[in-house]
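Just so we're on the same page: letters track the sequence lines, and every chain starts at 1.
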Amino acid sequence: MPLTTYVEAIRQGIWEEMEKDERVFVLGEDVGIYGGAFKVTAGMLERFGEWRVIDTPISESGIVGTAIGAALMGMRPVAEMQFADFISCAFDQITNFAAKCRYRWGAGVPIVVRGPSGGGVHGGPFHSQNPEMYFVHTPGLKVVCPATAYDAKGLIKAAIRDPDPVIYFEHKFLYRRVKEELPSDDFVVPIGKAAIRRNGTDITVITYGAMIYIALEAAKELEKEGIDLHVLDLRSLLPFDNEAVLESVKKTNKVILLHEDTQIGGFAGELAAVISEQAFEYLDGPIRRITAPNTPVPYSPPLEEFFLPKVSDVVRVARELYAY
Amino acid sequence: MAETKVIMPQMGESIFEGTLTKWLKKKGERVERDEPLFEISTDKIDTEIPSPAAGVLQDILVNEGQTVQINTVVAVIGDGSAKAAAEEAKQPAKQEPPAKEAPKETPKQEPKEVKGPAPVAGPTAETEEEEREPSATEERIKSSPLVRRIAKEHNVDLSALTGKGTGIDGRVTKSDILSYIEQSKAAPRPAPAEAGAYKGPEPPRPKPSAPAVQPVTFTGEVERVPLTQMRKAIAEHMVMSRKTSAHVTTFFEVDCSRILHAKEKLQPDFERSGARLTVTAFFVQAAANALKRFPIVNSSLEGDTILYKRAINIGIAVNLEWGLIVPVIKNADEKNLLGLAKAINDIGERARNKKLTPDDIKDGTFTITNPGQYGAVIGTPIINQPQVAIMGMGGIKKRAVVIDDAIAIRPMIMLSLSFDHRVIDGATADQFMADVQKQLESWAS
């Protein structure tokens, strides 16, 4: 079996859903003739034609608004943001309209808004952000952040089939760096379920997206000193797997919350509150956060390297927490 | 600090009321947080109740001897004098106050900054402050919510771990409290005398296990199964034996051709007499004969005295699904092979049917065990106290052996003898075994 990259897994997921369900179509900037800036939609125009693979003007608000309208008319649009950073242009459409349709009018809006997020590729402040928390704060939406090719495919399919708006953040650093053998059957990854990436006994690292690889690499290093990390990949942020979070905290009694997003208002803060409310008496040390600092993502490569959470950060904090 | 209401606590799931038996403080008296305030008596326990707050016992609402429902307010602790308030302000953060003191009351308080990315790395401003101003009265023991919960569940007073914490700044960690609980479970257990198999002189019994090293705790999930009485007796007896005797084991190889031949020949006759002849019978007889010639192997040691036993009572270790038991063939030296075979059949059967009587496992003077049962070449058995020797039988297997410079195929067995070097020297043990070997290899059939 050939290995499938993360980006190819997303493409396959959309492709398969388009084959299966003719209501599914893609729209976005350069998704047609060019095949998408990162080639997620490559070959789709040839296969599905211009009615189902639509090149749009440079207007995220227009893309999402069109998708919402189509969804209300019974379609299953998959809207691409060329970079997730520009999803803010569609903020009003997503948060005020898509997110509230079901609540306000009983009308589901089964759209997927997907786009590449995250840093590590020297993209600078407008092409490296992690905008998930704007949407995690919006009731009515679902937010997923896959970290593996399997999850990328399983979650895009689950997102397309979901009756409500799903914001799908794909990490561009992982596009071609992560690959694995995928099963040939029609699998989905349920939204809202976390996955244990490493079983350990000493400290739990709860994370998502590209950071799971930082956690796993740190675990390898810490293993040499006898510190055994447990790594939980959230996969979905909204809803998130509350039960798995508590279970993993109760297992090790010490917890590190790791994400690439900046700290204030980041998901780690929410998790810290949940853990202290629901598992306080299982904690044998302070809840520790490892996140990016509260600055824009720097363009300069050395600065960006400093900005992003690193293996050495996890190793340092884990050592402190282990000794605590 | 505002008023704190003191309530009748719920001491156990099914308790709905309690009797206040005694006030330990008078009205108007100063009380510290966690200082015993009153005593109660319930269906389940009698205990002292600590004060939930520091202050002055402002009001007593329930008198001694009165029985009230749980959660009834029994007293009110109030502010008290200005002096008390000032005293309290001197030790901020020492007591977990229900309502936190305003920072301005703290004399040396510096403006606290909200820390950035790392909320707790090493000593924070607060802990340094604590170190400068240690509490005059009670030292708060650093632990964690988890540790406090475990302490509560196991009824452990955390102050017992003062100075034993291995975390940063001596914090009591999860593994500290778990190993403390583990140790206090292991320590004070008098060895019960239920082994039952041994009459007469009891050798001094050291504590079952007093490991100098702290037990390593496994932190993964486990299933906890308490030891059965039998398992406990075996565990204690084995450790005791190891600590009592100077164990040495010697090994002998024996050619079983002749006894197997004899067995085959005698089998039909024995069956007519209702006995199943096993090879064990031959070994018991050989051992009984040898024990007559080497009485030291049939002895035991009591203080400075060797007890030579007149009877030769041979225990046979019987492996059961639920453990191990050693029924004894009394006066084995007085029985012929048929008698021994019947006796072995009988005790084996009754051991498996749980029909053994206490007499059956008493007064052994020597033991034979059979580690070869499942194919082991041989084992090094532990002496069955207060005996001084135990013989192990390996599995019988055809092997190539050299006889008169020719290679022959012979059914061979490995025998071992673990003996107590305090009373038996190697030469004696080997002579004893050579005797057994000679008998078996020259068995007349």
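- Atom CZ of B:R149 and atom CG of A:L283 lie 10.0 Å apart (nearest 0.5 Å).
- Between A:D284 and B:R171, some side-chain heavy-atom pair lies under the 4.5 Å cut-off.
- In this structure, CD1 on B:I150 lies 10.0 Å from OH on A:Y282, to the nearest 0.5 angstrom.
- Residue B:K25 qualifies as enclosed at atom NZ: its count of foreign heavy atoms under 6.0 Å is above 12.
- Summarising the local packing, CD of B:E221 is surrounded by 12 or fewer heavy atoms from other residues, nucleotides or ligands at distances under 6.0 Å.
- To the nearest 0.5 Å, atoms NZ (B:K152) and CD (A:E281) are separated by 6.0 Å.
- Counted within 6.0 Å of CZ on A:F91, heavy atoms from surrounding residues, nucleotides or ligands total more than 12; the atom is thus considered enclosed.
- Atom OH of A:Y324 sits about 8.0 Å away from atom NZ of B:K142, to the nearest 0.5 Å.
- For CD of A:E180, the number of neighbouring non-hydrogen atoms (other residues, nucleotides, ligands) closer than 6.0 Å is greater than 12.
- Looking at heavy atoms from C-beta onward, B:L146 lies in side-chain contact with A:N253 at the 4.5 angstrom threshold.
- Surrounding NZ of B:K5 are at most 12 heavy atoms belonging to other residues, nucleotides or ligands under 6.0 Å away.
- Under a cut-off of 6.0 angstrom, the local environment of CD in A:E225 is crowded, with over 12 non-hydrogen atoms contributed by other residues, nucleotides or ligands.
- Using a 4.5 Å cut-off between heavy atoms, A:K251 contacts chain B through its backbone alone, with no side-chain atom that close.
- A donor-acceptor pair under 3.5 Å is absent between the side-chain atoms of B:S144 and the main chain of A:G285, judged by distance alone.
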